[in-house]
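Worksheet: the structure to be examined is printed underneath.
The shown structure was predicted, so the numbers you read here are calculated from the model rather than taken from an experiment. Here is how names work: the chains are called A, B, and so on, in the same order as the sequence lines, proteins then strands, and each is numbered from 1.
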There are 2 protein chains.
Amino acid sequence: MKYEVGRMRIGELSERTNTSRRLLRYYEEQELIIPARCANGYRDYDERLVDRVMQIRGLLDAGLPTRIIKQILPCLDKPRIIHFADATPEMIATLELERDRMTKRIRCLTRNRDALADYLDAVRDDNRPGSATGADDSPA
Amino acid sequence: MKYEVGRMRIGELSERTNTSRRLLRYYEEQELIIPARCANGYRDYDERLVDRVMQIRGLLDAGLPTRIIKQILPCLDKPRIIHFADATPEMIATLELERDRMTKRIRCLTRNRDALADYLDAVRDDNRPGSATGADDSPA
DNA sequence: TCAAACCTTCACATGAATGTGACGGCCAAC
DNA sequence: GTTGGCCGTCACATTCATGTGAAGGTTTGA
């Protein structure tokens, strides 16, 4: 089997995305990615799917279910190649809802991340020379 | 049973946080919240737990597992009441790791949310009077 | 005193994202 | 032509956040 440049089998995609083959097949089952097939039945992935898989993993990690990812992915593809075919009013409403949910998540994460960062900064300052155990010792 | 102001049983907390009683008990089992107990065995929640529960739900929804939430929650409590007792080097490393993971999530969400918002704006513009199906119809 | 509406614990069920392994086909190198 | 390393499907196992319901105690109000 010869492979074109920019095309790969599941093993290479797995390595390049640090994602188990099992999961790549799962994402396909969920219709997040749709690889071509070689004559022998092997999956045949385009190089661009490397980024696509990373994007999927990022969104999954941020709490989006595959069901939603599947819906928003096509809208993110090419900035201006808009798919109007599936732009039914209900679909648009769903996407708007999801956009707002993402905004909420961003706010929640930012707030808590900042608080955590503040805590870490404070703890680091405390472990400096010239500081006691950290209890209250105000210079009376 | 009389209840002090600012104290409540599981039913009220459930309503005020829009969270099932089952989940409140689950969060307790995971040691995210630790309610007091009345003489009769009923859980006795402080009013401040309303916000706490919302915070937990937000973080869960953003992809954090309860295990991690349990670790970061105490650091977020009072900005300056820092718990140095549990500030072991390993714990700090864990928190830093988690802070960075949150930053990654924020970036991923922001990028995709913005792209989704752009798509929605474009679709809305397309459904304006004076526009065809969306195909190419440049004013030749 | 009885009923309704709380509360308790226990336990089994589910859906989603994953892991793991069995069993077999394809292909390249020796 | 056999061996090893890919690949395919199938299927069962696990973890986590949740739902659901049973069986029983407590409180409140008619």
Distance test, side-chain N/O of B:T66 to OP1/OP2 of D:dC16, below 4.0 Å: no
Under the side-chain contact (heavy atoms from CB on, under 4.5 Å) test, residues paired with B:L97 that sit two or more places apart: B:R101
Partners meeting side-chain contact (heavy atoms from CB on, under 4.5 Å) with B:T66 (sequence neighbours left out): B:Y26, B:Q30, B:L32, B:L60
With A:E15 via side chain to side chain donor-acceptor pair (under 3.5 Å) - residues at least two apart: none
Partners passing side chain to side chain donor-acceptor pair (under 3.5 Å) against B:R113 (at least two apart in sequence or in another chain): A:T103
Side chains of A:L109 and B:L64 in contact at under 4.5 Å (non-hydrogen atoms): yes
Residue met sooner reading DNA chain C from 5', once B:E15 and B:R37 are mapped to nucleotides: B:E15
Rounded distance (Å) that lies between atom C1' of D:dC16 and atom CG of B:L64: 14 Å
Sorted by number, the residues of residues 100-112 of chain A with heavy-atom contact under 4.0 Å to DNA chain C: none
Euclidean distance, atom CG of residue B:L24 to atom C1' of C:dT9 [Å, nearest integer]: 16 Å
Between P of D:dG21 and CZ of B:R25, the distance in whole Å: 15 Å
Short side-chain N/O contact to C:dG25 OP1/OP2 from A:N40, under 4.0 Å: no
Whole angstrom value for the distance that separates C1' of C:dT8 from CD of B:E29: 15 Å
Between P of D:dC16 and NZ of B:K70, the distance in whole Å: 12 Å
Note, A:I56 side chain near A:T19 side chain (heavy atom, < 4.5 Å): no
What are the atom names and distances for every N/O pair under 3.5 Å that joins the protein to nucleotides 18-21 of chain C?
residue, atom, partner, partner atom, Å
C:dT18, OP2, A:Y27, OH, 3.1
C:dT18, O4, A:R22, NH2, 2.8
C:dG19, OP2, A:S20, OG, 3.0
C:dG19, O6, A:R22, NE, 3.4
C:dG19, O6, A:R22, NH2, 3.2
C:dT20, O4, A:R22, NE, 3.2

With B:D100 via side chain to side chain donor-acceptor pair (under 3.5 Å) - residues at least two apart: none
Within residues 25-39 of chain B or reaching into it, pairs that qualify as salt bridge (Lys or Arg N to Asp or Glu O under 4.0 Å) - sequence neighbours excluded: B:E28-B:R37, B:E28-B:R43, B:E31-B:K70
Sugar-phosphate, base or nothing in reach of B:R67, heavy atoms under 4.0 Å: nothing
A:I69 CD1 to C:dA17 C1', straight-line distance once rounded to whole Å: 11 Å
Separation of D:dT18 P from B:N18 CG (nearest whole Å): 12 Å
Whole angstrom value for the distance that separates P of C:dG25 from CD1 of A:I10: 20 Å
With A:D46 via salt bridge (Lys or Arg N to Asp or Glu O under 4.0 Å) - residues at least two apart: A:R7, A:R48
Contact under 4.0 Å: B:R9 side-chain N or O vs C:dC6 OP1/OP2: no
